[in-house]
Amino acid sequence: VQLQAYGGGLVQAGGSLRLSCAAAGRTFSSYVMGWFRQAPGKEREFVAAISWSDGSPYYFGSAKGRFTISRDNAKNTVYLQMNNLKPEDTAVYYCAAKILDTVVTGPYDYWGQGTQVTVSS
């Protein structure tokens, strides 16, 4: 399984970014795709996840109401639309994949490289 995350960048507070995660290597219909982030000096934290089969989304913490996770089956790509970004959203964002089970927050089996998101105040 190969996961490639991209779309990060520098944005002002209140702005938006859309992260993408391109997946390859197998059929993902039984998988859940997750987004995590890790800020400097902090532990990695779960942000959101989506069931590949039915598109059910899951969110955690401050992502609720500001972030939207979606997927494009034809492109094998998962997106994280981030709106109203805040400086505390600054982190390296990672996409990950695992077989769907009852715990969408982890642990995940496959990880992509991170993409940096920096939100200036």
Side-chain angles (χ1 to χ4, degrees):
V1 173
Q2 297 87 44
L3 303 174
Q4 183 175 7
Y6 55 97
L10 174 63
V11 64
Q12 289 187 334
S16 299
L17 279 175
R18 188 178 79 160
L19 305 183
S20 301
C21 176
R26 64 182 57 198
T27 302
F28 292 96
S29 58
S30 60
Y31 278 67
V32 59
M33 309 296 290
W35 284 99
F36 292 75
R37 67 185 183 186
Q38 187 166 21
K42 295 187 177 181
E43 293 186 354
R44 187 171 59 197
E45 65 175 2
F46 172 79
V47 176
I50 188 166
S51 167
W52 201 277
S53 60
D54 65 7
S56 297
Y58 308 89
Y59 300 98
F60 178 77
S62 63
K64 296 179 181 178
R66 297 190 299 126
F67 296 0
T68 302
I69 190 169
S70 62
R71 90 267 192 249
D72 185 327
N73 288 353
K75 296 182 178 180
N76 261 13
T77 300
V78 175
Y79 304 99
L80 185 68
Q81 177 67 42
M82 305 186 295
N83 298 327
N84 190 23
L85 283 162
K86 304 176 181 180
E88 51 264 42
D89 294 317
T90 294
V92 178
Y93 284 71
Y94 299 89
C95 63
K98 69 167 189 169
I99 296 289
L100 178 62
D101 57 25
T102 58
V103 183
V104 297
T105 56
Y108 279 69
D109 300 309
Y110 306 99
W111 293 83
Q113 89 293 354
T115 184
Q116 176 71 47
V117 171
T118 303
V119 185
S120 62
S121 57

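Values reported hereafter were calculated over all heavy atoms of this structure, with side chains retained and with hydrogens, waters and symmetry mates removed. These numbers come from a predicted model, not from an experiment.
- A distance of 7.5 Å separates CG of L80 from OH of Y93, quoted to the nearest 0.5 Å.
- Contact of the T105 side chain with the F60 side chain is not registered, since no non-hydrogen atoms from C-beta on lie closer than 4.5 Å.
- Residue pairs meeting the salt bridge (Lys or Arg N to Asp or Glu O under 4.0 Å) criterion with at least one partner in residues 90-119, sequence neighbours excluded, are K98-D101.
- The hydrophobic clustering, which links ILVMFWY residues whose side-chain heavy atoms are closer than 4.5 Å, places V47 and Y59 together.
- Of the inter-residue distances, the one linking L10 atom CG with Q116 atom CD reads 9.5 Å to the nearest 0.5 angstrom.
- Taking each heavy atom of S16 and Q81 in turn, the nearest pair found is CB-NE2, 3.8 Å.
- A cation-pi arrangement is absent between R26 and W52 under the rule of less than 6.0 angstrom and at most 45 degrees off the ring axis.
- Annotation: salt bridge (charged side-chain N to carboxylate O under 4.0 Å, His left out) contacts of E45 (sequence neighbours excluded): R37.
- A distance of 10.0 Å separates OG in S121 from CD in E88, rounded to the nearest 0.5 Å.
- How far CG of N76 is from CD of Q2: 11.0 Å, rounded to the nearest 0.5 Å.
- Just one residue in the list T115, T77, V78 forms a side-chain contact (heavy atoms from CB on, under 4.5 Å) with S20, and that residue is T77.
- Between Y108 and F36, the angle of the ring planes goes over 60°, which puts this pair in the perpendicular group of the 30/60° scheme.
- To the nearest 0.5 Å, the span separating CH2 on W35 from OH on Y79 amounts to 10.5 Å.
- The salt bridge (Lys or Arg N to Asp or Glu O under 4.0 Å) pairs that include a residue from residues 64-87 are R66-D89, where partners are two or more places apart or lie in different chains.
- No continuous path of hydrophobic side-chain contacts links I69 to Y94 [ILVMFWY only; heavy atoms under 4.5 Å].
- Cluster membership for F46 and I50, using ILVMFWY side-chain heavy atoms within less than 4.5 angstrom, is not shared.
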Given the rule in the side-chain hydrogen bond (donor to acceptor under 3.5 Å, both in side chains) test, do S53 and S51 qualify, once you have shown the distances and angles that lead to the verdict? CA-CA 6 Å; S53 60; S51 167; 3.1 Å; yes
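- Linking ILVMFWY side-chain heavy atoms closer than 4.5 Å, directly or via other members, places V32 and L19 in two distinct hydrophobic clusters.
- V1 and I99 fall within the same hydrophobic cluster, defined by Ile, Leu, Val, Met, Phe, Trp and Tyr side-chain heavy atoms under 4.5 Å apart, directly or through other members.
- Here OG of S30 is found 8.0 Å from CG of L100. Values are rounded to the nearest 0.5 Å.
- Across all non-hydrogen atoms, the minimal contact from Y110 to L3 is O-CD1, 3.5 Å.
- Counting all heavy atoms, side chain and backbone alike, C95 lies closest to A5 at SG-CB, 3.9 Å.
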